[in-house]
Chemist: 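Structure incoming, see below.
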Amino acid sequence: MSEESNAVTHPFLDLVPLSAAHFASIEDRVARLLSTEQDVVITQGEALLPLEGAIRGTAGPGTTALNVITGPYGQTFGDWLRDCGATVHDLAVPFHTAVTAAQIREAFAEHPEIDFVSLVHAEAATGNTNPVAEIGEVVRQHGALFYLDAVASIGAEPVLPDAWGVDLCVIGAQKAMGGPAGVSAVSVSERAWARMSANPHAPRRSYLSLLDWKERWTDAGRKTLLHAPAQLEMLALDACVRRIEEEGLDTVMSRHAAAAAVTRAGAVALGAGIEPYVREASEAAPVATTLRTPAGVNAAELVARALAADPALPLAAGGGALAKEMIRVNHYGPAASEATVRACLSALGAALADTGA
Ligand SMILES: *Cc1c(COP(=O)(O)O)cnc(C)c1O
């Protein structure tokens, strides 16, 4: 090492401080990505931070929630809601399908006191996507608050909180946006703010508190940040939204839809008995495609074999009990390309041939 090298500025350590104005401009950029007029609060942690903060802020012992379960995240939301003292009606649908607006309507007919609906838009873990626009109409008719986990859908398919009547829309950058995992955002409607302000159990002076940010940041003209910003993650979020703007959101979404379509068709074309896990293409998420292994073929073992040949492929087995029968092709972000999914399918085909299937 030469003496001068000590003086060289490190590209991501020696940064000038992130200003409040820059932070606010990143919020505005995210708001444009969501086509929303609602307040967007950037939360400096993985998406579980705003997902939990939004539930703890709005739910309490007086809440009656309809919690839709189409994958593992719905289960977690139900646990948080119960923790808050809410009465929770779970609506679980099989992971190979999506929930319908008619099922939501029936739930309201059965429990008219429902005043909160939690839903996951797309589930990367199970590969399904739910018809949020139609469900939003039903939720709006009944005046309930609508909470949506759009972490796995943003960038892969339209996410339109204003048009769909979503009151709390949570996104993370680490899936189809191709960005960092350590920062996330939530758009909050006036109705949701009102519910939080009236909730004596809403977190205050807490890292989970969205109200702290409303009072001390958003309503105060976004002049002073509450604490030192997570600078690297904020810069990465800024860069990834700019990259989406440059490519064009529609192009990014088309890339994900094409990757999903090629994966579904290619899996069947392998002719080895692998099938799309989600039966209807219209209910399959563009962010990731889940596949069902043929009887007698263990998905986790098959994926391990494929990854041994190429560890860089975006392949995984399903979580928990699904590991036996579910393959996940995580074709999101930079992996949303035909070349990548074709490489995944070839590796799966070769692994199947190895096992003699
Ligand atoms: C990926 C994802 C999240 C974020 O969770 P991680 O496990 O940290 O990636 C939240 N909700 C949904 C629906 C997701 O797919």
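Whatever order the structure lists ligands and atoms in, that order sets their numbers, starting from 1. Because the structure is predicted, anything quoted here is derived from the model rather than measured. Position 1 is the first residue of the sequence; numbering continues from there.
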Chemist: Taking side-chain hydrogen bond (donor to acceptor under 3.5 Å, both in side chains) as the definition, give me every residue that meets it alongside Asn199, ordered by chain and number, with sequence neighbours left out.
Modeler: none
Chemist: Would you say the side chains of Glu283 and Thr97 form a donor-acceptor pair under 3.5 Å?
Modeler: yes
Chemist: Identify, chain by chain and in numerical order, each protein residue with a heavy atom under 4.0 Å from an atom of ligand 1.
Modeler: Glu46, Tyr73, Val120, Ala122, Ala124, Asp149, Val151, Ala152, Gln174, Lys175
Chemist: Any non-hydrogen side-chain atom of Lys175 less than 4.5 Å from a side-chain atom of His256?
Modeler: no
Chemist: Between Thr64 and Thr87, does any side-chain donor sit less than 3.5 Å from a side-chain acceptor?
Modeler: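 Side-chain D/A pair, Thr64 to Thr87: absent.
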Chemist: Thr340: which residues meet the side-chain hydrogen bond (donor to acceptor under 3.5 Å, both in side chains) condition with it, sequence neighbours left out?
Modeler: Ser337
Chemist: So, using ring pair (Phe, Tyr, Trp, His ring centres under 6.0 Å) as the criterion, who are the partners of Phe108 when residues are at least two apart?
Modeler: His142
